[in-house]
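Worksheet for the structure shown next.
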Amino acid sequence: MLDSRLRFFLHKCVALGQAKQLHAQLVVNRRDYLESILVHQTLHFTKDFSRNVVNYVKRILKVSTTSKSLDTFSWGCLVRFLSQHRKFQETVGLYIEMHNSGIPPSSHAMTSVLRACGKMENMIDGTSFHAQALKSGLCGCVYVQTGLVGLYSRLGYIEMAKKAFDDIAEKNTVSWNSLLHGYLESGNLDEARRVFDKIPAKDVVSWNLIISSYAKKGDMSNACSLFLAMPLKSPASWNILIGGYVNCREMKLARTYFDAMPQKNNVSWITMISGYTKSGDVQSAEELFRQMSKKDKLVYDAMIACYAQNGQQKDALKLFSQMLESNTCIQPDEITLSSVVAANSQLGDTSFGTWVESYITEHGIQIDDLLSTSLIDLYMKAGDFDKAFKLFNDLNKKDTVSYSAMIMGCGINGMATEANSLFREMIEKKIPPNQVTFTGLLSAYSHSGSVQEGYKCFNSMKDYNLEPSADHYGIMVDMLGRAGRLKEAYELIKSMPMQPNAGVWGALLLASGLHNNVEFGEIACSHCVELETDPSGYLSYLANIYTSVGRWDDARKVRATMEEKKLRKTLGCSWI
DNA sequence: TTAGGGTTAG
């Protein structure tokens with residue numbers, strides 16, 4: 001009687017608060033064996049990812065006294081939950097924990113962990129899980145077998161995927177689609193086409209896979225004609241097409257299909273918002289964001305990133321605090337925080353690091369490499385080198401971006417030796433430098449006055465197939481100018497393959513001021529005046545140069561010109 | 001099995 005009543009409530013249990021109450025009752029009434037239903041229900045009804053739910057279920061699993069078969073089921077539910085919410089690293093971690101506790105895997109756990117390995121391109125763990133699947137007799141299960149096809153397809157081992165596929169006695173459409181995915185990923189479109197034609201019951205996913213491969217390649221004419229030809233379209237079909245146009249920066253076409261789409265979901269809205277983000281159209285992104293009725297965490301993430309990436313850092317932080325205050329119980333995660341940290345870092349609010357640190361600890365957020373990279377940037381700018389280097393050394397995989405963040409930080413702080421050794425390290429590891437890397441490296445040499453090293457570095461850019469940008473020239477001019485080599489700096493500007501910008505001429509003007517050189521000061525200033533709408537700062541700087549060499553009349557003339565044009569010296573100028 | 005959110009400069 002008690003059992004059936006508890007079971008009834010368990011099946012009604014949808015929220016974490018209720019789950020906790022019910023669990024207490026199960027313990028009091030010694031009905032521990034019903035825990036697995038509780039775990040299943042709680043996870044099943046948790047639509048959005050919730051760290052609290054994960055922690056709660058983990059606690060139950062750790063103290064659970066239920067039998068092995070129930071354990072297998074409950075752990076499998078949690079492993080699947082993590083995988084469904086794209087927490088792939090954690091999925092693998094939890095699976096290993098389960099395995100180490102001597103709990104045999106369920107087919108759910110196995111398919112989830114195989115999927116996670118595929119998504120993370122983790123072949124080493126993937127093959128060892130394959131071995132475990134064989135050992136625990138799960139390889140006769142079509143879902144697990146299909147999971148293996150998916151794993152090897154994703155990792156580019158198409159032969160192994162084909163072998164796993166051939167081993168399946170009763171193939172379902174998902175098995176076929178996984179193989180199709182493999183051929184598409186490996187770029188073998190002919191074989192993919194043959195597989196597609198052979199699928200006995202093509203479903204909407206089969207079509208979507210083919211369309212998606214064209215859309216990813218940027219071949220929108222084929223993507224679109226297939227889209228129009230498919231018998232039944234799902235929201236994913238529309239989103240794939242819209243995403244394809246977004247990738248080609250064809251925002252107008254993307255918008256046309258978005259507007260025509262019968263059933264938009266959050267993916268559609270986010271695809272559009274992030275498209276506008278990349279094309280710098282914050283206003284359109286904002287409009288869509290405002291129109292949305294049910295905003296989930298990913299929508300907030302997209303909009304925060306939109307502000308952060310387009311120079312509206314304060315708006316990013318405002319939206320973040322709204323997200324924290326909102327009654328929708330949306331919890332920020334490492335993805336939200338990476339944008340928020342970046343926004344603070346650009347604003348120069350380096351004290352934010354302390355706040356984030358405590359937030360991360362309190363909420364059990366997993367620091368991944370991308371969040372680490374934005375924290376590295378923040379700490380380097382704050383001059384907290386120990387913390388930055390610690391985070392950098394702890395990265396799972398150091399890449400161009402993380403190295404560049406470090407080198408950039410060294411550049412800002414004039415640490416040329418450190419910048420140089422980081423650069424050498426990344427070259428040794430065959431990590432390709434990019435424009436940002438060289439901006440950091442050059443500014444390190446510039447700040448430390450190492451002209452010779454700077455030149456060498458600047459000239460070496462072509463060895464990495466990189467063309468120096470106007471900014472790189474600007475740093476070189478600044479470096480040469482500071483060293484008093486004004487003529488050389490001027491020659492360098494004249495040799496530029498692109499139009500020099502105000503930053504480049506500004507650097508020469510600044511250097512002319514440092515060395516009281518009227519000749520180059522005048523040249524530089526005249527170009528700055530041409531290029532900027534408000535030239536008052538430059539003119540005033542030139543007047544100071546005249547004054548410093550005793551040419552009072554010229555100084556007065558320049559100031560009079562400024563008066564005439566009703567120009568007032570603007571306080572502070574970025575390059576001064 | 002397919003579709004959505006993040007990190008380095010300016």
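Lettering of chains follows the sequences in order, A, B, ..., and the numbering in each one begins at 1. Values reported hereafter were calculated over all heavy atoms of this structure, with side chains retained and with hydrogens, waters and symmetry mates removed.
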Which part of the nucleic acid does [X] contact within heavy-atom distance under 4.0 Å: base, sugar-phosphate only, or nothing?
X        : answer
A/Lys264 : nothing
A/Lys119 : sugar-phosphate
A/Ser212 : nothing

How would you list all residue pairs meeting salt bridge (Lys or Arg N to Asp or Glu O under 4.0 Å) that involve residues 299-313 of chain A, not counting sequence neighbours? A/Lys297-A/Asp301
For residues 261-284 of chain A, pull every pair meeting salt bridge (Lys or Arg N to Asp or Glu O under 4.0 Å), keeping only residues two or more places apart or in separate chains. none
Between A/Trp505 and A/His527, how do the two ring planes meet: parallel, tilted or perpendicular, split at 30° and 60°? parallel
Nearest to the side chain of [X], which nucleotide is it out of [options]?
X        : options             : value
A/Ser339 : B/dT1, B/dA3, B/dG6 : B/dG6
A/Val205 : B/dA3, B/dG4, B/dT1 : B/dT1
A/Val401 : B/dT2, B/dT8, B/dT1 : B/dT8
A/Ala405 : B/dT8, B/dT7, B/dG4 : B/dT8

Presence of A/Arg86 side-chain N/O under 4.0 Å of B/dG6 phosphate oxygens OP1/OP2: no
side-chain N/O A/Gln346 vs B/dT8 OP1/OP2, d < 4.0 Å: yes
If we ignore angles and hydrogens, is there a donor and acceptor under 3.5 Å between the side chains of [X] and [Y]?
X        : Y        : answer
A/Tyr152 : A/His130 : yes
A/Ser469 : A/His472 : yes
A/Thr437 : A/Ser404 : yes

Taking atom [atom2] of [N] as reference, at what distance in whole Å does atom [atom1] of [X] sit?
X        : N     : atom1 : atom2 : result
A/Lys216 : B/dT2 : NZ    : P     : 9 Å
A/Gln313 : B/dA9 : CD    : C1'   : 13 Å
A/Leu151 : B/dT1 : CG    : C1'   : 13 Å
A/Leu232 : B/dT2 : CG    : C1'   : 14 Å
A/Asn434 : B/dT7 : CG    : P     : 14 Å
A/Asp394 : B/dT7 : CG    : P     : 22 Å
A/Asp203 : B/dA3 : CG    : P     : 14 Å
A/Leu337 : B/dG6 : CG    : P     : 14 Å

Considering the options A/Asn172, A/Thr173, A/Asn177, which one meets the side chain to side chain donor-acceptor pair (under 3.5 Å) requirement together with A/Ser175? A/Asn172
Can you pull out the residues from [range] that lie within a 4.0 Å heavy-atom distance of DNA chain B?
range                       : value
residues 304-311 of chain A : A/Ala305, A/Gln309
residues 363-392 of chain A : A/Asp368, A/Leu370, A/Leu371, A/Thr373, A/Ser374, A/Asp377, A/Lys381
residues 268-284 of chain A : A/Ile270, A/Thr271, A/Ser274

A/His85 or A/Val204: which one's nearest nucleotide on DNA chain B is closer to the 5' end? A/Val204
Considering non-hydrogen atoms only, spot the tightest contact between [X] and [Y] and give its length.
X        : Y        : answer
A/Pro500 : A/Ile493 : CG-CG2, 3.7 Å
A/Ser372 : A/Ile367 : OG-CG2, 3.2 Å
A/Phe320 : A/Ile304 : CA-CD1, 3.9 Å
A/Pro497 : A/Tyr473 : CD-OH, 3.3 Å

N/O donor-acceptor pair, side chain A/Asp296 with base B/dG4, under 3.5 angstrom: yes
Answer yes or no: side-chain N or O of A/Ser338 and base N or O of B/dG6 forming a donor-acceptor pair under 3.5 Å. yes
Side chain to side chain contact (heavy atoms under 4.5 Å, CB included) against A/Glu334, all qualifying residues, sequence neighbours excluded: A/Lys87, A/Ile365, A/Asp368, A/Leu371
Answer yes or no on whether A/Lys295 is positioned over the face of A/Phe289, meaning its NZ or CZ is under 6.0 Å from the six-membered ring centre and within 45° of the axis. yes
